[in-house]
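Heavy-atom basis, side chains included; hydrogens, waters and symmetry copies ignored. Here the structure is a predicted model, which means the values were calculated and not measured. Read the numbers this way: they start at 1 and go in the same order the structure lists the ligands and their atoms.
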Amino acid sequence: MTSARSLDRLELVDAGVVLAIETSCDDTAVAVVAGGRVAANVVRSQAALHAPFGGVVPEVAARAHDAAMVEVVEEALAESGIDAHEVEAIAVTKGPGLPGSLVVGVGAALGLAVGLDRPLIGVDHMEGHLYAATIEGPVALPALSLLVSGGHSELVVIEAPFRYRLLGRTRDDAAGEAFDKVARILGLGFPGGPAIEAAARDGRPDAIRFARALRNQGFDLSFSGIKTEVARYLEGARAAEVADVAASFQEAVVDVLVAKLERALESERVETVVIGGGVAANGPLRERVAELARARGVGAHIPARSLCADNAAMIAAAGAARLVAGEHAVDGLDIEPTRSLVGGDDH
Ligand code: KG4
Ligand code: ZN
């Protein structure tokens with residue numbers, strides 16, 4: 001059931017048949033990995049439900065997860081062609097995320113684990129975002145990872161499997177949160193990231209020079225200032241081109257993220273750079289990270305957009321790695337409100 005574990009890379013290991021559930025935010029996701037490959041990866045988005053509110057409404061999200069769960073599990077099993085009784089372990093996101101949403105996923109996973117009499121592994125959501133890259137191939141270590149989502153933004157060095165060192169994180173808003181808030185200010189709708197990227201295509205990235213907070217200082221990030229700056233700019237500008245504002249905002253955020261990676265590559269000896277999280281789906285960010293890695297002579301793992309966004313295949317990948325590493329399964333899971341892959345206080 002297991003394969004040998006490598007210490008010099010992260011990979012999608014063979015831990016038998018693992019079914020994973022991810023419900024940390026507004027996607028009900030279930031995946032099945034079998035024999036070290038993804039057999040099913042189903043994501044049911046709630047975006048349309050939350051769009052009228054301009055953001056995720058926690059109570060609505062929890063109810064929608066609950067309503068969809070059984071169907072999404074069944075859909076994933078059907079897609080994989082694997083019978084529920086062949087499942088050998090269950091993995092589930094234990095946090096960080098919206099407590100009400102997490103409880104639905106953990107409850108369903110616990111029910112399956114008890115019902116099928118199989119081990120249950122709790123997975124950190126950000127560790128999942130990191131392991132998304134392993135679905136496309138092994139990640140040589142040590143690696144430098146930029147994990148940027150709607151709730152988190154952090155720069156982490158992976159020294160060895162499960163050995164993480166935090167370089168920096170956001171002191172206020174996450175990068176995705178900034179995209180969402182600025183999209184709302186610009187009237188571009190929800191979720192903001194894809195809307196801003198689309199609007200920016202018709203704009204000039206150098207039209208407005210927004211501040212690059214903390215760009216040349218340490219490894220921490222800060223994105224709350226730029227949202228205020230965009231709002232103030234719009235108040236003052238008589239005929240602001242939404243496309244120009246979107247393009248200039250996106251340019252500023254991407255520029256800071258890439259500058260941080262570049263700084264980190266100057267002081268850290270790593271084999272590869274890995275990006276993950278919803279913001280890692282951003283086209284300009286992907287291009288600039290690939291360019292930077294090429295220029296620095298390190299590898300780059302830029303997962304397919306669908307693997308950057310929340311999904312359960314990444315949770316299965318991380319869960320399988322922990323199973324093979326001998327992590328003991330648990331009888332029940334406490335959901336974890338921790339905010340970082342490396343632990344610590346909020347942000
Ligand atoms: O990882 P994810 O799917 O969920 C969380 O764990 O938060 O990330 C969602 C975030 C949202 O803030 C969304 O606006 C952002 O990722 N996002 C993007 C893009 N696609 C999604 N941000 C910038 N450009 C994109 N193309
Ligand atoms: Zn996420």
Side-chain angles (χ1 to χ4, degrees), residues 20-29 31 41 43-47 50-51 54-56 58 61 65 93-98 101-102 105 123-133 145-154 169-170 173-186 188-201 205 221 223-224 226-227 246-247 249-258 275-289 302-315 317-318 337-341 347:
I21 297 178
E22 147 67 41
T23 61
S24 65
C25 191
D26 62 337
D27 292 302
T28 312
N41 188 16
V43 179
R44 184 161 309 176
S45 168
Q46 301 176 1
H50 300 289
V56 177
H65 284 307
T93 304
K94 63 181 178 183
L98 300 172
S101 290
L102 289 166
V123 173
D124 178 283
H125 182 74
M126 298 313 282
E127 187 167 77
H129 275 309
L130 169 64
Y131 272 82
S145 69
L146 174 70
L147 303 177
V148 273
S149 68
H152 305 84
S153 294
E154 50 198 47
R169 66 172 73 158
T170 184
D173 291 354
E177 197 176 348
F179 271 93
D180 293 335
K181 287 177 175 170
V182 167
R184 202 177 313 167
I185 295 169
L186 291 174
L188 292 173
F190 169 86
I196 288 203
E197 185 177 348
R201 278 189 204 113
L221 299 154
F223 295 110
S224 71
I226 194 167
K227 136 202 103 192
F249 160 78
Q250 177 175 258
E251 174 73 11
V253 173
V254 168
D255 183 50
V256 168
L257 294 175
V258 174
I275 60 173
V279 180
N282 184 267
L285 177 64
R286 298 163 72 84
E287 278 164 30
R288 298 254 323 255
V289 170
I302 300 171
R305 286 186 168 80
S306 61
L307 291 173
C308 291
D310 285 350
N311 66 86
M314 69 186 197
I315 302 302
T338 50
R339 308 258 321 172
S340 163
L341 184 54
H347 298 302

Checklist outcome for this item: among protein heavy atoms, the one nearest atom 9 (C) of ligand 1 is Gly150 N, 3.8 Å
Item to check | Nearest-contact summary for atom 22 (N) of ligand 1 - protein heavy atom, Å | outcome: Gly193 CA, 3.3 Å
Checklist entry - If you look at His125, which of its N/O/S atoms is nearest to the Zn ion (ligand 2)? => result NE2
Checklist outcome for this item: Answer key: the N, O or S atom of Asp310 nearest to the Zn ion (ligand 2) is OD1
Polar contacts were defined as any N/O atom of the residue lying under 3.5 Å from an N/O atom of the ligand; does this apply to [X] and ligand 1?
X	value
Ala309	no
Phe179	no
Gly278	yes
Gly277	no
Asp27	no

Item to check | Whether His129 has an N, O or S atom under 2.8 Å from the Zn ion (ligand 2) | outcome: yes
Checklist entry - Under 3.5 Å, side chain of Glu22 to main-chain N/O of Ala29, donor-acceptor pair present? => result no
Checklist entry - Just by modelled atom types, is the Ser101 backbone N or O under 3.5 Å from a matching donor or acceptor in the Thr23 side chain? => result yes
Checklist entry - Where on Asp180 is there a heavy atom closer than 4.0 Å to ligand 1, on the side chain, on the backbone, on both, or on neither? => result side chain
Applying a strict 4.0 Å limit to heavy atoms, is [X] in contact with ligand 1?
X	answer
Gly151	yes
Arg305	no
His152	no

